[in-house]
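Before any comments, here is the structure.
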Amino acid sequence: MDPLMDPGEISDHVHSIFGGGNFGMETTYEDLTQTGGDLNCTSCGVIEDQSAYWTPAVYWQSDDGKTELVQQVGGMLAYYLLYLDDLKAFPEGFQMIAGSKNVRNFTGSFPDSELSSWPTDPTDQFFLQQRAIGFNCLNYAKDPEPSLYRHQFPDRDYLDANCLSGLRLELAFPSCSNGEKDSPDHKSHMAYPSLVKEGNCPEGYDTHHPFIFYESIWATNAYIGKGGKFVLSYGDPVGTGYHGDFIMGW
């Protein structure tokens with residue numbers, strides 16, 4: 001289900017969902033915050049947080065075409081970070097989507113160029129959107145990779161040799177707002193600052209909100225040496241279409 005993109009309908013792909021208990025096919029801010037009984041609960045560590053957080057699930061597709069859900073390790077972490085100046089709390093009824101499921105290639109270099117070389121004018125939002133997703137190779141016996149280091153699945157040889165503790169998927173949400181709670185596409189009321197996390201906001205996006213950052217770990221290491229590939233639940237084997245949804249529920 002996806003109450004933002006497919007309200008009242010079955011979604012075309014599977015999601016990993018966290019947050020407020022009253023999540024359903026047509027969930028709204030009021031549903032999350034004004035419920036009672038058994039649904040007045042949350043999976044969040046802060047019990048006042050009834051927000052809804054969701055992303056596509058990760059699947060393993062074996063060489064014979066069969067698929068299975070990869071085990072998620074430890075739920076999701078959703079960070080609220082304070083990078084921009086003069087921050088405003090998310091208003092009641094606020095919701096947004098980050099990323100686009102239709103993207104199938106990363107157009108930049110790997111690793112990213114130095115931040116000092118990035119444009120100071122954040123007009124090219126696609127440039128920033130591509131750099132707002134991360135696939136962090138985990139090996140707890142070694143020093144960690146930086147967040148948002150690579151922006152698509154590592155190739156299988158690299159995964160098998162280096163990601164011995166799994167893969168952490170990361171998603172940064174835009175934090176510059178035009179002052180609206182939502183927009184028809186659930187995206188255009190928000191924009192990234194010039195360095196994704198911080199920097200200059202585009203003209204007309206003068207309201208600054210906290211920077212939301214999702215992390216979820218998937219046990220890709222369980223498939224080391226097996227024939228097949230990882231795909232996101234909507235059929236993306238590259239990873240560049242990774243996306244996420246947020247409904248504020250504080």
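- Panel note: side chain Asp49, backbone Cys44; no donor-acceptor pair is recorded below 3.5 Å.
- From Thr33, atom OG1 reaches atom CG of Asn40 across 10.0 Å, with rounding to the nearest 0.5 Å.
- The shortest side-chain heavy-atom distance between Ile97 and Leu4 falls under the 4.5 Å cut-off.
- Donor-acceptor pairing under 3.5 Å is lacking for the side chains of Ser233 and His13.
- Tyr234 contributes a side-chain N or O that, together with a main-chain N or O of Tyr242, makes up a donor-acceptor pair within less than 3.5 Å.
- For Tyr83 and Phe211, the distance between ring centers is under 6.0 angstrom.
- The side-chain heavy atoms of Arg150 and Phe106, taken from C-beta on, include no pair separated by under 4.5 Å.
- Ring to ring, Phe90 and Trp250 are not that close: their centroids are 6.0 angstrom or more apart.
- Between Asp160 and Lys226 no salt bridge is recorded (no basic side-chain N to carboxylate O distance below 4.0 Å).
- Under a cutoff of 6.0 Å and an axis angle of 45°, Arg131 and Phe127 form a cation-pi pair.
- Taking NZ of Lys197 as the start and CG of Leu128 as the end, the distance is 13.5 Å to the nearest 0.5 Å.
- In Asp155, the CG atom is crowded: over 12 heavy atoms of neighbouring residues, nucleotides or ligands sit closer than 6.0 Å.
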Checklist entry - Could you walk me through whether Asn105 and Thr107 pass the side chain to side chain contact (heavy atoms under 4.5 Å, CB included) check? => result CA-CA 6 Å; Asn105 68 306; Thr107 58; 3.4 Å; yes
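- At least one donor-acceptor pair closer than 3.5 Å links the side chain of Ser194 to the backbone N or O of Asn200.
- Residues Thr207 and Asn178 form no side-chain contact, since every pair of their non-hydrogen atoms from C-beta on lies 4.5 Å or further apart.
- Checked against the 6.0 Å centroid criterion, the rings of Phe23 and Trp54 qualify as a close aromatic pair.
- One distance of note links NZ of Lys88 with OG of Ser177; it measures 12.0 Å at 0.5 Å rounding.
- Side-chain atoms of Gln50 and Tyr29 include no donor-acceptor pair closer than 3.5 Å.
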Item to check | Verdict with supporting geometry, Glu198 and Tyr192, side-chain hydrogen bond (donor to acceptor under 3.5 Å, both in side chains) | outcome: CA-CA 8 Å; Glu198 55 190 335; Tyr192 288 101; over 6 Å; no
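- To the nearest 0.5 angstrom, Lys187 atom NZ is 10.5 Å from Phe173 atom CZ.
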Checklist entry - Should Trp218 and Ser216 be marked as a side-chain hydrogen bond (donor to acceptor under 3.5 Å, both in side chains) after you check the CA-CA gap, both sets of side-chain angles, and the distance that decides it? => result CA-CA 7 Å; Trp218 300 84; Ser216 56; 3.2 Å; yes
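- Of the possible polar contacts, one joining the Thr27 side chain to the Gly24 backbone as a donor-acceptor pair under 3.5 Å is found.
- Taking the six-membered ring for Trp, Phe94 and His209 have ring centres closer than 6.0 Å.
- Contact annotation: the side chain of Leu138 approaches that of Tyr140 to within less than 4.5 Å [non-hydrogen atoms, C-beta and beyond].
- When side chains are defined from C-beta on, Leu169 counts as touching Leu232, because their heavy atoms get closer than 4.5 Å.
- Ring centers of Tyr214 and Tyr79: at least 6.0 Å apart, outside the cut-off.
- In this structure the side chain of Ser16 never reaches within 4.5 angstrom of the side chain of Met76, judged on heavy atoms.
- A donor-acceptor pair is defined here as one N or O able to donate and one able to accept, closer than 3.5 Å; no such pair exists between the side chain of His186 and the backbone of Phe246.
- Using a 3.5 Å distance cut-off with no hydrogens or angles, the side chains of Asp112 and His151 do pair a donor with an acceptor.
- With 3.5 Å as the limit, one finds no donor-acceptor pair spanning the side chains of Gln130 and Thr240.
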Checklist entry - Run the salt bridge (charged side-chain N to carboxylate O under 4.0 Å, His left out) check on Arg168 and Glu170 step by step: do they pass? => result CA-CA 6 Å; Arg168 186 176 73 218; Glu170 304 163 336; 2.7 Å; yes
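- Side chains of Ser62 and Trp60: no donor on one and acceptor on the other come within 3.5 Å.
- A salt bridge links Arg104 to Asp236: at least one charged side-chain nitrogen sits closer than 4.0 Å to a carboxylate oxygen.
- Gln125 places a side-chain N or O within donor-acceptor distance of the main-chain N or O of Pro122, the cut-off being under 3.5 Å.
- The backbone N or O of Ser117 sits nowhere less than 3.5 Å from a side-chain atom of Glu114 that would complete a donor-acceptor pair.
- Salt-bridge check for Glu92 with Lys181: failed, with every basic side-chain N at 4.0 Å or more from each acidic carboxylate O.
- The shortest side-chain heavy-atom distance between Asn162 and Cys137 falls under the 4.5 Å cut-off.
- No side-chain donor-acceptor contact under 3.5 Å links Gln129 and Ser100.
- For His208 (side chain) and Asp85 (main-chain N/O), a donor-acceptor pair under 3.5 Å exists by modelled atom type.
- Contact annotation: the side chain of Trp118 approaches that of Val196 to within less than 4.5 Å [non-hydrogen atoms, C-beta and beyond].
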